[in-house]
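So the structure is just underneath, and the comments pick up after that.
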Amino acid sequence: MKTSKNMTNQQVAKLLKTVAAAYEIKKQNRFKVAAYQKAAASVEHASSEVKDLWEEDRLTSLPGVGKNIAAHLDELFKTGKVKHFEQIFKGLPQGMFSLMDLSGVGPKTAHKLSRQFKLKAPATAVKKLAQLAQKGKIQQLEGFGKESEQDILRSIKEFAGRGKQRMSLPYAQTLARKIIDFLKQSAAVLEAEPLGSLRRQTPTVGDIDLAVATKDPPAAVKHFLSFPQIKKITDQGKKKVTVNLTTGHQIDVRFHSPDEFGALLQHFTGSKNHNIRLRQIAQKKKLSVSEYGIKKKAKTLKFPQEKEFYQFLGMDWIPPELREDRGEIEAAQKHQLPHLVQLADIKGDLHVHTDFQFKTSHDLGIDSMKTLVRIAKQLNYQYLGFADHNPSLSSYSPQQIIDIIKTRKSKIEEIKSSSEKNMKIRVINLLEVDIRPDGSLAVPDKGLEELDLAIVAIHSSFKQPKKTITQRVLTGLAHPKAKIFAHPASRKINHRPAIDLDWEKLFDFCLKNQKILEINSWPDRLDLPDTLVRQAVKKGVKFVITTDSHAFDQLKLMTYGVAVARRGWAEPKDIINTLPWLKLKSILKIE
DNA sequence: GCCGTTTTCGGCCCGACTGTTTTCAGTCG
């Protein structure tokens with residue numbers, strides 16, 4: 001496996017997984033194998049770059065990374081190689097590590113195939129295997145048959161068509177809702193719930209996990225299998241069915257009796273690491289935890305409700321968004337879980353684009369200020385902030401920009417007085433202003449003065465080096481009118497990575513200068529990402545959750561930003577738009 | 001290889017499903 005000094009977390013995780021596989025083939029202690037797998041998972045889910053941790057000499061702060069693995073990674077980042085790993089890979093056909101990318105092919109299968117067929121080159125191993133399968137060569141091997149040969153061919157086909165991206169959270173929710181509505185049409189289905197990453201509200205969802213409570217599993221399974229969009233049944237047992245839909249997505253459904261439903265919810269919600277930790281704790285109490293309940297001696301105690309399940313293990317019920325084994329179990333044991341912010345706590349939106357006509361730097365909204373106010377009122381909001389993009393620098397002179405902002409202001413004033421009088425909703429005059437590559441703001445000071453405040457953001461030159469882009473952001477944010485930093489990581493999920501910012505420095509700056517960070521609810525942004533929210537919240541940095549709406553129906557996307565905040569352990573006190581108008585006004589120093 | 005208010009040694013989460021076997025290994029979550 002190719003290594004270098006500058007490996008990303010994804011790549012380091014892959015390397016550690018490869019080591020685990022190699023150890024498994026070489027019949028090393030299975031706990032050693034598990035240790036490497038755990039370290040790999042830990043790196044994959046780390047909230048900071050492993051290389052940064054290495055620079056700060058904090059590698060062992062990652063759970064599952066101890067003295068030995070840390071020393072190997074130290075060598076990796078210093079020299080670009082790990083001699084010990086190279087030793088482990090010796091004597092193994094390197095093609096096997098490519099084969100392991102195929103679903104259903106693990107270390108043993110990959111090793112057997114690559115050894116038998118001499119698949120040494122990682123780059124061509126999968127392609128060669130496909131040819132062999134087509135010729136019917138695989139079924140002739142001992143331990144393989146016609147079925148497994150077909151399975152391999154199918155996996156290769158899927159692998160080739162792998163543009164297969166994770167679903168956005170709203171998409172996954174809609175799809176899950178559709179299946180659940182269908183499931184509930186059967187009398188055999190007593191309950192049906194979305195679980196897994198969907199219930200934990202992760203920004204993207206790989207496949208959809210559902211749980212069904214039923215007293216008649218065969219009838220419930222039969223009903224589910226009649227769902228019209230099923231393309232292929234992958235697994236079909238008495239309690240678990242896996243299918244692929246015509247949309248290309250995988251659905252896992254578990255069928256349990258209602259008296260076990262609490263234990264099932266717990267198990268299938270995950271995350272994997274959360275469950276492992278929970279089971280370790282149970283073990284110490286001489287208990288054994290599974291999806292059927294909690295086994296005490298020979299007897300399995302059943303839990304219809306999840307809450308009692310957690311309480312039996314000596315802890316408070318843990319909100320699904322926190323279940324990542326990032327300290328939530330310890331907090332639940334000490335009864336110190338945060339009281340997470342909820343959608344109902346939100347009292348207004350501060351980042352909404354309108355149809356006010358001018359050439360903006362980016363895109364306009366499509367609905368009028370009046371419409372937007374009406375919808376905000378329906379949501380029971382106390383205030384609404386209009387934040388169009390700044391006028392285009394290339395289309396207008398500085399004086400024209402100032403004039404446009406003045407015209408827009410008088411329009412907003414008009415709406416403002418009528419809204420306050422008729423609907424008791426406050427309107428705020430904001431603008432989303434570009435921080436240019438040199439750190440200056442894209443609106444002259446005289447224009448900024450006309451605003452209640454500016455939301456600043458990066459919309460270009462995303463790839464500047466860490467020092468440059470950090471300085472750029474801090475310079476832009478230092479302007480007295482700049483109070484909010486929008487979509488701070490500037491990532492687009494499945495499309496563009498986060499900017500390389502010195503987050504600690506930004507958080508310290510915000511804390512010291514009372515700047516607010518945005519949690520942008522737009523489904524392909526969800527920015528700031530939850531792990532960074534958690535870091536910032538710990539420091540006491542304040543957030544605003546906004547929708548960045550460009551149309552009235554997008555105001556309801558707020559729930560996804562709230563999910564990010566919850567996954568970042570944020571409480572109402574951390575989120576400024578949970579404040580009533582008068583308090584918000586004084587915090588933001590709005591006249 | 002990791003880890004620690006019952007341990008620095010001696011443990012390490014738990015079960016479903018498939019295919020190829022004829023009691024289980026491998027993979028997955």
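Naming convention: chains lettered A, B, ... in sequence-line order (proteins, then strands); numbering from 1 in each chain.
- Using cut-offs of 30° and 60° for the angle between ring planes, the A:H72 and A:H84 rings count as parallel.
- In this model, the phosphate group of B:dC14 is approached by a side-chain N or O of A:S288 to a distance below 4.0 Å at OP1 or OP2.
- A pairwise comparison of heavy atoms in A:A110 and A:M100 identifies CB-CG, 3.6 Å as the closest pair.
- Atom CZ of A:F144 is separated from atom C1' of B:dT18 by 13 Å (rounded to the nearest Å).
- The residue A:E142 sits apart from the nucleic acid: no heavy atom pair falls under 4.0 Å.
- Across all strands shown, A:K32 has heavy atoms under 4.0 Å from base atoms, whether or not it also approaches the sugar-phosphate.
- Between B:dT27 and A:T109, a contact under 4.0 Å exists linking OP1 or OP2 to a side-chain N or O.
- No hydrogens or angles considered: nothing links the side chains of A:Q28 and A:Y36 as a donor-acceptor pair under 3.5 Å.
- When distances are taken from the side chain of A:H267 to each of B:dC13, B:dG29, B:dT6, the shortest belongs to B:dG29.
- A:D235 comes within contact range of the sugar-phosphate backbone alone, with a heavy-atom separation under 4.0 Å but no base atom that close.
- Judged by distance alone, the side chains of A:S271 and A:D325 never bring a donor and an acceptor atom under 3.5 Å apart.
- Regarding contacts with the backbone of B:dC2, every side-chain N or O of A:Y36 stays at 4.0 angstrom or more from both OP1 and OP2.
- B:dT8 is unpaired under the Watson-Crick or G-U wobble criterion, no partner having all donor-acceptor distances under 3.5 Å.
- In this structure, A:Q280 does not reach the B:dG4 phosphate: none of its side-chain N or O atoms is under 4.0 Å from OP1 or OP2.
- If you check every strand for non-hydrogen atoms under 4.0 Å, A:I69 touches sugar and phosphate atoms only.
- None of A:K239, A:R254, A:E193 except one satisfies the side-chain contact (heavy atoms from CB on, under 4.5 Å) rule with A:L264; the exception is A:R254.
- Nucleic acid contact class of A:K67 (heavy atoms, under 4.0 Å, all strands): sugar-phosphate only.
- For A:N29 and B:dG1, a side-chain-to-base donor-acceptor distance below 3.5 Å is present, hydrogens and geometry of angles not being considered.
- An OP1 or OP2 oxygen of B:dT20 is reached within less than 4.0 angstrom by a side-chain nitrogen or oxygen of A:S148.
- Under 4.0 angstrom from either OP1 or OP2 of B:dG29 there lies no side-chain N or O belonging to A:K272.
- Of the candidates B:dG1, B:dG26, B:dC14, B:dC14 carries the atom nearest the A:R279 side chain, counting heavy atoms from C-beta on.
- At the heavy-atom level, A:K112 lies nowhere under 4.0 Å from the strands shown.
- Contact annotation for A:R254: backbone-only contact, meaning every heavy-atom pair under 4.0 Å involves sugar-phosphate atoms and none involves a base.
- For A:L62 and B:dC2, the CG to P distance is 12 Å, given to the nearest whole Å.
- Per the geometry, CG belonging to A:L16 stands 12 Å off P belonging to B:dG1, to the nearest Å.
- Residue A:V33 is out of contact with every strand shown, counting any heavy-atom pair closer than 4.0 Å.
- Rounded to a whole angstrom, the distance from the P atom of B:dT7 to that of B:dC12 is 16 Å.
- Here the separation of B:dG29 from B:dT22, taken at their P atoms, is 29 Å to the nearest Å.
- Residue contacts for A:T242: at a heavy-atom cut-off of 4.0 Å it reaches no nucleic acid atom on any strand shown.
- Between A:F182 and A:H223, the distance separating the two ring centers is shorter than 6.0 angstrom.
- With C1' as the reference atom, B:dC17 and B:dT23 are 16 Å apart, rounded to whole Å.
- Taking 4.5 Å as the limit, every side-chain heavy atom of A:V82 sits out of range of all side-chain heavy atoms of A:T3.
- An anti orientation is assigned to B:dT21, its glycosidic angle lying beyond 90° of 0.
- In this structure, A:Q28 reaches neither bases nor backbone, as no heavy-atom distance under 4.0 Å exists between it and the strands shown.
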